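The structure under discussion appears below in the form of C-alpha coordinates.
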2 protein chains.
Amino acid sequence: MMVSKEALFEQLASLIASAHQLHYEMTKDLPMDDITPLQYEILEFLSVKQPITLSQLSECKGISMPNTSREIKKLTDKGLCEKIDDAGDRRKQYVRLSASGEARMAESFTHMKQLFLQRVEGVQDAELTQMSEAIGVLRATVLRD
Amino acid sequence: MMVSKEALFEQLASLIASAHQLHYEMTKDLPMDDITPLQYEILEFLSVKQPITLSQLSECKGISMPNTSREIKKLTDKGLCEKIDDAGDRRKQYVRLSASGEARMAESFTHMKQLFLQRVEGVQDAELTQMSEAIGVLRATVLRD
DNA sequence: ATAACTTATTATCAAATGATAACAAAGAAG
DNA sequence: CTTCTTTGTTATCATTTGATAATAAGTTAT
(Lines give C-alpha, C1' and ligand atoms only; values in the text may rest on other atoms or scores of the structure.)
Protein backbone atom coordinates (compact mmCIF):
# COMPACT_ATOMS: atom_id res chain seq x y z
CA MET A 1 0.00 0.00 0.00
CA MET A 2 1.16 3.52 -0.85
CA VAL A 3 0.39 6.32 1.60
CA SER A 4 0.72 9.99 0.64
CA LYS A 5 2.04 12.33 3.32
CA GLU A 6 -1.02 14.51 2.76
CA ALA A 7 -3.37 11.64 3.54
CA LEU A 8 -1.27 10.70 6.54
CA PHE A 9 -1.53 14.24 7.85
CA GLU A 10 -5.32 14.06 7.63
CA GLN A 11 -5.22 10.85 9.63
CA LEU A 12 -2.93 12.39 12.21
CA ALA A 13 -5.15 15.44 12.60
CA SER A 14 -8.08 13.16 13.16
CA LEU A 15 -6.09 11.11 15.68
CA ILE A 16 -5.14 14.22 17.61
CA ALA A 17 -8.77 15.31 17.73
CA SER A 18 -9.85 11.90 18.99
CA ALA A 19 -7.09 11.79 21.59
CA HIS A 20 -8.13 15.22 22.80
CA GLN A 21 -11.75 14.19 23.05
CA LEU A 22 -10.86 10.98 24.89
CA HIS A 23 -8.74 12.91 27.35
CA TYR A 24 -11.57 15.33 27.93
CA GLU A 25 -14.03 12.53 28.56
CA MET A 26 -11.69 10.73 30.94
CA THR A 27 -11.00 13.84 33.01
CA LYS A 28 -14.25 15.79 32.99
CA ASP A 29 -15.68 14.04 36.05
CA LEU A 30 -12.58 14.56 38.19
CA PRO A 31 -13.06 16.49 41.48
CA MET A 32 -10.92 19.60 40.76
CA ASP A 33 -12.10 21.39 43.89
CA ASP A 34 -8.78 22.82 44.97
CA ILE A 35 -7.11 23.63 41.66
CA THR A 36 -7.87 25.53 38.48
CA PRO A 37 -7.84 23.98 34.99
CA LEU A 38 -4.47 25.52 34.20
CA GLN A 39 -3.02 24.24 37.43
CA TYR A 40 -4.26 20.76 36.62
CA GLU A 41 -2.66 20.99 33.20
CA ILE A 42 0.63 21.88 34.84
CA LEU A 43 0.39 18.98 37.28
CA GLU A 44 -0.35 16.61 34.40
CA PHE A 45 2.63 17.99 32.52
CA LEU A 46 4.88 17.59 35.55
CA SER A 47 3.79 13.99 35.98
CA VAL A 48 5.25 13.35 32.53
CA LYS A 49 8.27 15.68 32.49
CA GLN A 50 9.85 15.99 35.87
CA PRO A 51 11.81 17.75 37.24
CA ILE A 52 11.88 20.81 35.01
CA THR A 53 12.97 24.41 35.47
CA LEU A 54 10.44 27.23 35.51
CA SER A 55 11.82 28.60 32.25
CA GLN A 56 11.49 25.27 30.50
CA LEU A 57 7.97 24.83 31.80
CA SER A 58 7.13 28.32 30.62
CA GLU A 59 8.52 27.54 27.17
CA CYS A 60 6.92 24.08 26.84
CA LYS A 61 3.46 25.19 27.90
CA GLY A 62 3.49 28.62 26.33
CA ILE A 63 2.88 30.42 29.61
CA SER A 64 4.80 33.63 30.28
CA MET A 65 7.42 33.52 33.01
CA PRO A 66 5.53 35.80 35.40
CA ASN A 67 2.41 33.70 35.04
CA THR A 68 4.32 30.45 35.34
CA SER A 69 5.93 31.74 38.51
CA ARG A 70 2.54 32.72 39.90
CA GLU A 71 0.90 29.37 39.18
CA ILE A 72 3.82 27.35 40.52
CA LYS A 73 3.74 29.44 43.65
CA LYS A 74 0.06 28.66 44.08
CA LEU A 75 0.66 24.95 43.54
CA THR A 76 3.55 25.04 45.98
CA ASP A 77 1.40 26.81 48.56
CA LYS A 78 -1.16 24.06 48.12
CA GLY A 79 1.57 21.51 48.77
CA LEU A 80 1.18 19.87 45.38
CA CYS A 81 4.63 20.63 44.02
CA GLU A 82 8.00 21.76 45.27
CA LYS A 83 11.00 23.68 44.05
CA ILE A 84 14.58 22.44 44.18
CA ASP A 85 17.57 24.70 43.80
CA ASP A 86 19.99 23.80 41.07
CA ALA A 87 23.37 22.94 42.57
CA GLY A 88 25.41 24.39 39.71
CA ASP A 89 23.43 27.49 38.76
CA ARG A 90 21.91 29.32 41.69
CA ARG A 91 19.42 31.17 39.49
CA LYS A 92 17.71 27.98 38.42
CA GLN A 93 14.95 26.23 40.27
CA TYR A 94 13.61 22.84 39.36
CA VAL A 95 9.97 22.03 39.95
CA ARG A 96 8.58 18.59 40.68
CA LEU A 97 5.47 17.08 42.18
CA SER A 98 5.52 16.75 45.95
CA ALA A 99 4.49 13.49 47.58
CA SER A 100 0.93 14.74 47.88
CA GLY A 101 1.05 16.03 44.32
CA GLU A 102 2.09 12.57 43.16
CA ALA A 103 -0.74 11.08 45.20
CA ARG A 104 -3.17 13.55 43.75
CA MET A 105 -2.16 12.70 40.19
CA ALA A 106 -2.18 8.99 40.95
CA GLU A 107 -5.84 9.39 41.85
CA SER A 108 -6.51 11.09 38.55
CA PHE A 109 -4.79 8.37 36.60
CA THR A 110 -6.64 5.69 38.53
CA HIS A 111 -9.90 7.34 37.61
CA MET A 112 -8.91 7.56 33.97
CA LYS A 113 -7.78 3.95 34.03
CA GLN A 114 -11.19 2.85 35.29
CA LEU A 115 -12.87 4.51 32.35
CA PHE A 116 -10.29 3.07 29.99
CA LEU A 117 -10.82 -0.43 31.33
CA GLN A 118 -14.56 -0.09 30.76
CA ARG A 119 -13.85 0.94 27.22
CA VAL A 120 -11.66 -2.08 26.44
CA GLU A 121 -13.78 -4.55 28.39
CA GLY A 122 -14.04 -7.77 26.47
CA VAL A 123 -11.45 -6.78 23.88
CA GLN A 124 -9.36 -9.78 22.82
CA ASP A 125 -5.66 -10.13 23.59
CA ALA A 126 -4.77 -10.09 19.93
CA GLU A 127 -6.39 -6.73 19.52
CA LEU A 128 -4.76 -5.34 22.65
CA THR A 129 -1.41 -6.39 21.30
CA GLN A 130 -2.21 -4.72 18.01
CA MET A 131 -3.12 -1.50 19.83
CA SER A 132 0.06 -1.60 21.87
CA GLU A 133 2.18 -2.10 18.78
CA ALA A 134 0.35 0.71 17.00
CA ILE A 135 1.08 3.12 19.83
CA GLY A 136 4.68 1.97 19.79
CA VAL A 137 4.96 2.76 16.11
CA LEU A 138 3.52 6.24 16.51
CA ARG A 139 5.70 7.13 19.46
CA ALA A 140 8.70 6.00 17.47
CA THR A 141 7.78 8.17 14.49
CA VAL A 142 5.61 11.30 14.54
CA LEU A 143 5.08 11.46 18.27
CA ARG A 144 8.64 11.03 19.36
CA ASP A 145 9.76 13.77 21.71
CA MET B 1 3.30 -11.04 22.96
CA MET B 2 1.01 -10.61 25.93
CA VAL B 3 -0.11 -7.05 26.82
CA SER B 4 -1.76 -6.21 30.12
CA LYS B 5 -4.51 -3.66 30.03
CA GLU B 6 -2.68 -1.73 32.74
CA ALA B 7 0.43 -1.44 30.60
CA LEU B 8 -1.68 -0.49 27.61
CA PHE B 9 -3.29 2.30 29.62
CA GLU B 10 0.14 3.70 30.47
CA GLN B 11 0.98 3.69 26.79
CA LEU B 12 -2.27 5.39 25.91
CA ALA B 13 -1.75 8.09 28.54
CA SER B 14 1.67 8.72 27.10
CA LEU B 15 0.24 8.84 23.58
CA ILE B 16 -2.37 11.37 24.62
CA ALA B 17 0.28 13.55 26.21
CA SER B 18 2.42 13.41 23.07
CA ALA B 19 -0.52 14.16 20.81
CA HIS B 20 -1.41 17.14 22.96
CA GLN B 21 2.14 18.45 22.84
CA LEU B 22 2.35 17.96 19.09
CA HIS B 23 -0.90 19.83 18.62
CA TYR B 24 0.37 22.66 20.77
CA GLU B 25 3.59 22.91 18.82
CA MET B 26 1.80 22.87 15.48
CA THR B 27 -0.64 25.60 16.48
CA LYS B 28 1.34 27.92 18.73
CA ASP B 29 2.65 30.07 15.89
CA LEU B 30 -0.75 30.62 14.30
CA PRO B 31 -1.94 34.26 13.93
CA MET B 32 -5.00 34.24 16.26
CA ASP B 33 -5.47 37.97 16.03
CA ASP B 34 -9.23 38.03 15.73
CA ILE B 35 -10.29 35.13 17.95
CA THR B 36 -9.74 33.90 21.49
CA PRO B 37 -8.29 30.49 22.37
CA LEU B 38 -11.71 29.12 23.24
CA GLN B 39 -13.16 30.38 19.99
CA TYR B 40 -10.35 28.68 18.09
CA GLU B 41 -11.07 25.45 19.93
CA ILE B 42 -14.69 25.69 18.86
CA LEU B 43 -13.76 26.32 15.24
CA GLU B 44 -11.43 23.32 15.32
CA PHE B 45 -14.18 21.21 16.79
CA LEU B 46 -16.64 22.38 14.16
CA SER B 47 -14.22 21.51 11.39
CA VAL B 48 -14.42 17.91 12.62
CA LYS B 49 -18.06 17.63 13.75
CA GLN B 50 -20.33 19.70 11.60
CA PRO B 51 -23.12 20.70 11.67
CA ILE B 52 -24.02 20.39 15.33
CA THR B 53 -26.66 21.94 17.57
CA LEU B 54 -25.70 24.39 20.27
CA SER B 55 -26.77 21.90 22.95
CA GLN B 56 -24.61 19.16 21.51
CA LEU B 57 -21.65 21.48 21.23
CA SER B 58 -22.20 22.58 24.81
CA GLU B 59 -22.29 18.96 25.94
CA CYS B 60 -19.31 17.79 23.87
CA LYS B 61 -17.02 20.64 24.87
CA GLY B 62 -18.21 21.02 28.46
CA ILE B 63 -19.22 24.64 28.02
CA SER B 64 -22.45 25.81 29.63
CA MET B 65 -25.30 26.70 27.29
CA PRO B 66 -25.22 30.42 28.04
CA ASN B 67 -21.50 30.55 27.38
CA THR B 68 -21.80 28.43 24.26
CA SER B 69 -24.48 30.76 22.98
CA ARG B 70 -22.29 33.78 23.70
CA GLU B 71 -19.21 32.39 21.96
CA ILE B 72 -21.16 31.19 18.91
CA LYS B 73 -22.73 34.61 18.68
CA LYS B 74 -19.28 36.20 18.67
CA LEU B 75 -18.04 33.79 16.01
CA THR B 76 -21.15 34.44 13.96
CA ASP B 77 -20.66 38.20 14.28
CA LYS B 78 -17.11 37.71 13.02
CA GLY B 79 -18.51 35.84 10.05
CA LEU B 80 -16.68 32.62 10.92
CA CYS B 81 -19.70 30.40 11.50
CA GLU B 82 -23.40 30.42 10.84
CA LYS B 83 -26.59 29.04 12.34
CA ILE B 84 -29.17 27.01 10.48
CA ASP B 85 -32.69 26.45 11.76
CA ASP B 86 -33.74 22.86 12.14
CA ALA B 87 -36.65 22.10 9.83
CA GLY B 88 -38.36 19.67 12.18
CA ASP B 89 -37.81 21.28 15.59
CA ARG B 90 -37.99 25.04 15.56
CA ARG B 91 -36.13 25.35 18.88
CA LYS B 92 -32.98 23.79 17.46
CA GLN B 93 -30.26 25.60 15.63
CA TYR B 94 -27.40 23.92 13.88
CA VAL B 95 -24.02 25.58 13.75
CA ARG B 96 -21.48 25.15 11.00
CA LEU B 97 -18.45 26.97 9.68
CA SER B 98 -19.19 29.69 7.16
CA ALA B 99 -17.24 29.89 3.91
CA SER B 100 -14.76 32.27 5.53
CA GLY B 101 -14.63 30.06 8.61
CA GLU B 102 -13.75 27.10 6.41
CA ALA B 103 -11.10 29.22 4.69
CA ARG B 104 -9.74 30.31 8.02
CA MET B 105 -9.44 26.74 9.27
CA ALA B 106 -7.98 25.59 5.97
CA GLU B 107 -5.17 28.08 6.58
CA SER B 108 -4.59 26.62 10.02
CA PHE B 109 -4.45 23.10 8.70
CA THR B 110 -2.12 24.15 5.91
CA HIS B 111 0.22 25.63 8.48
CA MET B 112 0.07 22.50 10.59
CA LYS B 113 0.67 20.37 7.54
CA GLN B 114 3.83 22.31 6.72
CA LEU B 115 5.24 21.54 10.14
CA PHE B 116 4.15 17.94 9.84
CA LEU B 117 5.85 17.56 6.47
CA GLN B 118 9.07 18.91 7.93
CA ARG B 119 8.79 16.35 10.68
CA VAL B 120 8.39 13.40 8.31
CA GLU B 121 10.87 14.66 5.75
CA GLY B 122 12.92 11.78 4.46
CA VAL B 123 10.84 9.13 6.16
CA GLN B 124 10.56 6.02 4.02
CA ASP B 125 7.32 4.83 2.43
CA ALA B 126 7.36 1.63 4.43
CA GLU B 127 7.40 3.59 7.64
CA LEU B 128 4.65 5.94 6.47
CA THR B 129 2.50 2.95 5.69
CA GLN B 130 3.22 1.54 9.11
CA MET B 131 2.19 4.84 10.72
CA SER B 132 -0.98 4.98 8.70
CA GLU B 133 -1.93 1.46 9.67
CA ALA B 134 -1.14 2.18 13.31
CA ILE B 135 -3.46 5.18 13.31
CA GLY B 136 -6.10 3.05 11.64
CA VAL B 137 -5.86 0.46 14.38
CA LEU B 138 -6.20 3.03 17.16
CA ARG B 139 -9.15 4.76 15.58
CA ALA B 140 -10.84 1.40 15.20
CA THR B 141 -10.28 0.51 18.86
CA VAL B 142 -9.76 2.98 21.74
CA LEU B 143 -10.20 6.13 19.76
CA ARG B 144 -13.40 5.21 17.98
CA ASP B 145 -16.09 7.84 18.42
C1' DA C 1 -55.36 22.44 27.56
C1' DT C 2 -51.88 22.66 30.57
C1' DA C 3 -47.90 21.07 32.71
C1' DA C 4 -43.28 19.69 32.22
C1' DC C 5 -39.28 19.61 29.59
C1' DT C 6 -35.95 21.16 25.93
C1' DT C 7 -33.45 24.63 23.42
C1' DA C 8 -31.56 28.89 23.21
C1' DT C 9 -30.81 33.84 24.71
C1' DT C 10 -29.54 37.89 27.53
C1' DA C 11 -27.61 39.95 31.49
C1' DT C 12 -24.55 40.01 35.25
C1' DC C 13 -20.94 38.89 38.34
C1' DA C 14 -16.85 36.23 39.83
C1' DA C 15 -12.74 33.85 38.82
C1' DA C 16 -8.97 32.54 35.93
C1' DT C 17 -5.70 33.66 32.69
C1' DG C 18 -2.84 36.74 29.77
C1' DA C 19 0.21 40.74 29.20
C1' DT C 20 3.38 44.10 30.66
C1' DA C 21 6.52 46.76 33.51
C1' DA C 22 9.77 47.03 37.01
C1' DC C 23 12.94 44.73 39.74
C1' DA C 24 16.74 41.64 41.74
C1' DA C 25 20.16 38.17 41.78
C1' DA C 26 23.31 35.19 39.49
C1' DG C 27 26.07 33.88 35.64
C1' DA C 28 28.63 34.75 31.18
C1' DA C 29 31.34 37.55 28.16
C1' DG C 30 34.05 41.40 26.97
C1' DC D 1 35.49 45.09 36.55
C1' DT D 2 31.44 46.29 34.19
C1' DT D 3 28.28 45.03 30.77
C1' DC D 4 25.06 41.89 28.97
C1' DT D 5 22.19 37.93 29.43
C1' DT D 6 19.52 34.50 31.91
C1' DT D 7 16.36 33.20 35.56
C1' DG D 8 12.91 34.20 38.49
C1' DT D 9 9.68 37.36 41.29
C1' DT D 10 6.13 40.84 42.42
C1' DA D 11 2.59 43.94 41.21
C1' DT D 12 -0.97 45.52 38.29
C1' DC D 13 -4.37 45.72 34.78
C1' DA D 14 -7.12 43.88 30.83
C1' DT D 15 -9.30 40.11 28.79
C1' DT D 16 -11.26 35.75 28.74
C1' DT D 17 -13.82 32.32 30.62
C1' DG D 18 -17.04 30.27 34.05
C1' DA D 19 -21.34 30.32 36.76
C1' DT D 20 -25.94 31.60 37.71
C1' DA D 21 -30.52 33.62 37.30
C1' DA D 22 -34.19 35.08 34.62
C1' DT D 23 -36.62 34.80 30.35
C1' DA D 24 -38.89 33.15 26.03
C1' DA D 25 -40.37 30.02 22.58
C1' DG D 26 -41.18 25.49 21.02
C1' DT D 27 -42.04 20.55 21.93
C1' DT D 28 -43.74 16.50 24.46
C1' DA D 29 -46.53 14.15 27.73
C1' DT D 30 -50.61 13.80 30.53
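Computed from a predicted model, the values in this text were never measured in an experiment.
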Is there a side-chain contact (heavy atoms from CB on, under 4.5 Å) between A:Met105 and A:Phe109 once you walk through the steps?
CA-CA 6 Å; A:Met105 290 316 286; A:Phe109 279 92; 4.1 Å; yes

Protein-nucleotide distance (B:Asp86, atom CG; C:dT6, atom P), rounded to Å
17 Å

Whole angstrom is fine here: how far is it from CG in A:Asp85 over to C1' in D:dG8?
12 Å

Looking only at heavy atoms, which two atoms of A:Met131 and A:Val120 are closest? And how far apart?
CE-CG1, 4.3 Å

Name all pairs fulfilling the ring pair (Phe, Tyr, Trp, His ring centres under 6.0 Å) condition that reach into residues 19-77 of chain B, sequence neighbours left out, sorted by first residue then second.
none

What is the distance from CD1 of A:Ile72 to C1' of D:dT10, rounded to the nearest Å?
16 Å

Could you tell me the separation between the CE atom of B:Met65 and the C1' atom of C:dT10, rounded to a whole number of Å?
12 Å

Note: B:Glu107-B:Arg104 ion pair, threshold 4.0 Å (strictly below)
no

Quick one: do A:Lys78 and A:Gln39 satisfy side-chain hydrogen bond (donor to acceptor under 3.5 Å, both in side chains)? Show the steps, please.
CA-CA 11 Å; A:Lys78 292 173 191 187; A:Gln39 285 163 12; 3.0 Å; yes

In this structure, how many angstroms lie between the P atom of C:dT9 and the CD atom of B:Glu71, rounded?
13 Å

Member of A:Thr27, A:Leu117, A:Asp29 meeting the side chain to side chain contact (heavy atoms under 4.5 Å, CB included) criterion with A:Met112
A:Thr27

Expected list for residues 52-61 of chain A near DNA chain D, using heavy atoms below 4.0 Å, is A:Thr53, A:Leu54, A:Ser55

Salt bridge between A:Glu25 and A:Arg119, side-chain N to carboxylate O under 4.0 Å?
yes

Within a reach of under 6.0 Å around CD of B:Gln124, are more than 12 heavy atoms found that belong to other residues, nucleotides or ligands?
no

Per-nucleotide protein contact string for nucleotides 19-30 of chain D (B base, S sugar-phosphate only, - none; heavy atom under 4.0 Å):
BBB----BS---

Which whole-number value in Å describes the distance from B:Asp77 CG to C:dT9 C1'?
13 Å

List the steps and the verdict of side-chain hydrogen bond (donor to acceptor under 3.5 Å, both in side chains) for B:Gln11 and A:Ser132.
CA-CA 7 Å; B:Gln11 280 190 286; A:Ser132 175; 2.6 Å; yes

Bending between helix ends of the helix from C:dA1-D:dT30 to C:dG30-D:dC1 [5 pairs per end, 10° resolution]
30°

So, A:Glu82 and A:Thr76: side-chain donor and acceptor under 3.5 Å apart, yes or no?
no

Look at A:Asp77 together with A:Lys73 and state whether they make a salt bridge at an N to O cut-off of under 4.0 Å.
yes

Cluster partners of B:Val48, using ILVMFWY side-chain heavy atoms under 4.5 angstrom, listed by chain and number?
none

Separation of D:dT6 C1' from A:Gln93 CD (nearest whole Å):
14 Å

Got a sec? Which of residues 33-50 of chain A come in under 4.0 Å of DNA chain D, heavy atoms?
none

Can you find a side chain N or O atom of B:Lys74 that sits less than 4.0 Å from OP1 or OP2 on D:dT15?
no

Trace of the side-chain contact (heavy atoms from CB on, under 4.5 Å) decision for A:Asn67 with A:Leu38
CA-CA 11 Å; A:Asn67 292 337; A:Leu38 180 61; over 6 Å; no

